[in-house]
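For the numbers below, each heavy atom of this structure counts, side chains included, while hydrogens, waters and symmetry mates do not.
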Amino acid sequence: MKRFTISVLFVVLLGIAWIFSDGARTSAAQNGPATSGVSGQGKMKFRVLYTATHLPAEAQKVLTGAHGGFAVDVRPGKGETYFSLKGAGIIQISSDLKTTRLLDTAAEMKDTNLHNTTIWFGPDATPYLSFPGNEAAEVFTTTLDGKLVNTLHTPEAGIDLGDPAANDYFAGRGNFVPTDVEQLDGLLYVTTGYSNLDFVLTARLSFHPLNAVWHDLAFGGRGTGPGQFGTGHGITIPPGTRRIEVADRPNAEIDGFTRYGRYLSTLHMPLGSLPCDIFYLGNYAVVGALDGPDRGKGAPIYILENDRLISTIMPKEELGLENFKHIHNAVLRQYGNKIYLIAQAWNPGDFAILEQVTN
């Protein structure tokens, strides 16, 4: 009898230990690097370095609603990355990628979705962050510590935007849905791909104090012709150029324009992909795709070198990041002798930092 009691007690303890160990494994799968897997080809292979638990607790609580993008301070000696989450506010990732922190964020920005982020510099080299508020129908500009210094509102009827179609659209009370913003030579360039307008609009900047007013230059528009968009989703100015690039998502292409809106050329992405934006690091570029050609798989992140596709990262299938069904934004960072990839998923939202595998 005594031997039987000891045997039963041993089985019970073994069961308890198994339950706790299984719970630990489940927690690790959700909170730590998802797998030890590697994704990509050639010199652009990556593994998971950080997942959502790297973010501040307030950001983790609202992360599944993520629907935005990143800006990187590329100045020498800098390297911080910025983005925003609805319900949490502006988040800064340190230049060494090891820490994250929330910035004090104005309520009108914290409580709405900010669809992307750009960093730009005034004539005196003062840095600013601009955020397209796709729900608020406004473009917000802050200092690097998050202080709101300007809000650009929906164009009013009667304002000359530089194109009759754009003028008529707002005269008819069309909705303003900014999806991305860039700055070049004192102009903000704003994509409006979530609206029926789908033009790139511009606003003229002035300083001391900072102000932005709508300008008479608009280009693009909904259509299938050269320089038109199916959805003009993201906008980028490659470093050191005056070239405007717009990610035309449903047409799987990146369209190039002069700063005056004249169409130049198209960079074609894999047929069937849905590119959201493009980001440059030297000769490399990264494109996050909402979907890839194979809808049965998670979305890809494409790495290009001199406009040639050299690597395809599959975060869901090959890195175990289950929430990465759709990629909404991705940027590249170089720190030390490695390249890092910061990515954001959508529906559900998620976050990860990937590290280049160099051996």
Side-chain angles (χ1 to χ4, degrees), residues 27-40 43-74 78-85 88-103 116-117 119 276-282 284-289 298-303 311-346 348-359:
S27 178
Q30 292 174 344
N31 298 330
T35 71
S36 57
V38 172
S39 185
K43 58 189 173 183
M44 285 297 177
K45 297 177 182 176
F46 291 85
R47 61 187 169 207
V48 177
L49 178 64
Y50 296 117
T51 58
T53 56
H54 194 52
L55 296 175
E58 289 183 55
Q60 293 180 46
K61 293 176 184 176
V62 299
L63 183 59
T64 56
H67 190 196
F70 305 101
V72 180
D73 190 342
V74 298
K78 299 296 183 180
E80 293 81 8
T81 301
Y82 300 86
F83 69 109
S84 183
L85 290 173
I90 303 169
I91 300 160
Q92 181 197 70
I93 306 171
S94 64
S95 59
D96 63 6
L97 305 172
K98 292 180 180 180
T99 61
T100 63
R101 68 185 183 100
L102 279 169
L103 305 182
N116 212 328
T117 313
I119 184 170
C276 287
D277 203 1
I278 187 167
F279 178 90
Y280 288 90
L281 177 67
Y284 298 114
V286 60
V287 177
I301 299 173
Y302 298 118
I303 307 289
S311 185
T312 300
I313 317 301
M314 301 297 292
K316 182 176 183 290
E317 275 71 24
E318 297 176 359
L319 298 179
L321 297 172
E322 289 298 322
N323 286 342
F324 276 71
K325 301 173 184 177
H326 310 286
I327 311 298
H328 196 259
N329 198 253
V331 296
L332 294 173
R333 280 286 328 281
Q334 181 155 6
Y335 184 75
N337 61 354
K338 289 185 178 182
I339 290 175
Y340 296 84
L341 198 161
I342 307 173
Q344 185 180 128
W346 170 79
D350 208 346
F351 168 90
I353 299 179
L354 310 182
E355 178 184 45
Q356 184 183 22
V357 176
T358 57
N359 50 21

What distance separates [X] [atom1] from [Y] [atom2], expressed to the nearest 0.5 Å?
X	Y	atom1	atom2	answer
Leu55	Leu85	CG	CG	7.0 Å
Tyr302	Ser311	OH	OG	11.5 Å
Leu97	Glu80	CG	CD	10.0 Å
Thr99	His54	OG1	NE2	6.5 Å
Gln356	Met44	CD	CE	5.0 Å
Tyr280	Leu332	OH	CG	11.5 Å

Of all the heavy-atom pairs spanning [X] and [Y], show the shortest one and how long it is.
X	Y	answer
Leu102	Ala88	CD2-O, 3.7 Å
Pro315	Ile327	CG-CD1, 4.2 Å
Phe279	Ala330	CB-O, 3.8 Å
Arg333	Thr81	CD-OG1, 4.0 Å
Met314	Ser39	N-OG, 2.8 Å
Ala52	Gln60	O-CG, 3.4 Å

Do [X] and [Y] touch side chain to side chain, with heavy atoms closer than 4.5 Å?
X	Y	answer
Ile278	Val286	no
Val287	Asp277	no
Thr117	Phe70	no
Asn329	Asn116	yes

Q) How far apart are the C-alpha atoms of Ile301 and Thr312, what are their side-chain angles, what is the distance that settles it, and do they pass the side chain to side chain contact (heavy atoms under 4.5 Å, CB included) test? A) CA-CA 6 Å; Ile301 299 173; Thr312 300; over 6 Å; no

Q.
Taking the ring of Phe83 and the ring of Phe351, is the distance between their centroids below 6.0 Å?
A. yes

Q) When you look at Leu103 and Ile91, which way does the side chain to side chain contact (heavy atoms under 4.5 Å, CB included) test go after all the steps? A) CA-CA 6 Å; Leu103 305 182; Ile91 300 160; over 6 Å; no

Q. More than 12 heavy atoms of other residues, nucleotides or ligands under 6.0 Å from NZ of Lys45: is that the case?
A. no

Q: Answer yes or no: are there more than 12 heavy-atom neighbours, outside Glu58 itself, under 6.0 Å from its atom CD?
A: no

Q.
Walk me through whether Lys43 and Tyr284 qualify under side chain to side chain donor-acceptor pair (under 3.5 Å).
A. CA-CA 12 Å; Lys43 58 189 173 183; Tyr284 298 114; 3.2 Å; yes

Determine all donor-acceptor pairs shorter than 3.5 Å in which one atom belongs to a side chain in residues 337-346; sequence neighbours excluded.
from	atom 1	to	atom 2	distance (Å)
Lys338	NZ	Glu355	OE2	3.2
Gln344	OE1	His67	N	3.4
Gln344	OE1	Gly68	N	2.7

Q: Could you give me the CA-CA distance, side-chain angles and deciding distance for Asp96 and Tyr335, then say whether side chain to side chain contact (heavy atoms under 4.5 Å, CB included) is met?
A: CA-CA 7 Å; Asp96 63 6; Tyr335 184 75; 3.4 Å; yes

Q. Going through the checks in order, is the side chain to side chain contact (heavy atoms under 4.5 Å, CB included) test met by Arg47 and Leu354?
A. CA-CA 5 Å; Arg47 61 187 169 207; Leu354 310 182; over 6 Å; no

